[in-house]
Undergrad: 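I am attaching a structure below and will ask some questions about it afterwards.
Since this is a predicted model, take the numbers as computed values, not measurements.
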Amino acid sequence: LTGELLDTRARIRLAAKQPSLAIADAGEALKHEKTALRYFHMGMAMKEMKPSDGAMYFKEAKQRGLTTRQVHPADVSLFQESMK
């Protein structure tokens, strides 16, 4: 499985309310390449399970330069909230 596929599947699992499976996929995706969007998706998954860890991943996504344009439209409000 490629990092892109794992990251996409993590986002799908989040939509399906499966945060533990999303965390596993997002973690594997990050092993392939550490991108800002992958950190954001991991933050989304972690926020469901352990909010303080989610904040850590959101912070890393911000430091890596994540922008609104990179985020799916359904995630923009969470992006704006998490990047404060």
Undergrad: So does Arg38 pair up with Glu4, basic N to acidic O under 4.0 Å?
TA: yes
Undergrad: For residues Val76 and Val71, report the shortest heavy-atom separation together with the two atoms involved.
TA: N-CG1, 4.0 Å
Undergrad: So which heavy atom on Gln70 is nearest to which on Gly65, and how close?
TA: OE1-O, 3.5 Å
Undergrad: Would you call Arg11 and Asp75 a salt bridge, using N to O less than 4.0 angstrom?
TA: yes
Undergrad: If you round to the nearest 0.5 Å, how far is CE of Met56 from NZ of Lys47?
TA: 15.5 Å
Undergrad: Which heavy atom of Ala36 sits nearest a heavy atom of Ala61, and at what distance?
TA: O-CB, 3.4 Å
Undergrad: If you compare all heavy atoms of Ala29 against all heavy atoms of Gly3, which two are closest, and at what distance to 0.1 Å?
TA: CB-O, 3.6 Å
Undergrad: Measure the spacing between CE of Met46 and OG of Ser52 and express it to the nearest 0.5 Å.
TA: 7.5 Å
Undergrad: Report the relative orientation of the aromatic rings in Phe79 and Phe40; use parallel for angles under 30°, tilted for 30 to 60°, perpendicular for over 60°.
TA: perpendicular
Undergrad: Are His32 and Leu6 side-chain neighbours, meaning at least one heavy-atom pair lies under 4.5 Å?
TA: yes
Undergrad: Can you measure from CD1 (Ile23) to CG (Asp53) and round to the nearest 0.5 angstrom?
TA: 8.5 Å
Undergrad: Can a side-chain donor-acceptor contact be found between Ser77 and Gln80 if the only test is distance below 3.5 angstrom?
TA: no
Undergrad: When rounded to the nearest 0.5 angstrom, what distance separates CG in Leu66 from NE2 in His41?
TA: 8.5 Å
Undergrad: Without swapping roles, check the side chain of Lys62 against the backbone of Met83 for a donor-acceptor pair under 3.5 Å.
TA: yes
Undergrad: Rounded at 0.5 Å granularity, tell me how far CE in Met42 sits from CD in Glu28.
TA: 9.0 Å
Undergrad: Does Arg64 reach the side chain of Thr35, with side-chain heavy atoms less than 4.5 Å apart?
TA: no
Undergrad: Check whether any side-chain heavy atom of Asp25 sits under 4.5 Å from a side-chain heavy atom of Leu21, and report yes or no.
TA: no
Undergrad: To the nearest 0.5 Å, what is the distance between NZ (Lys59) and OH (Tyr39)?
TA: 13.0 Å
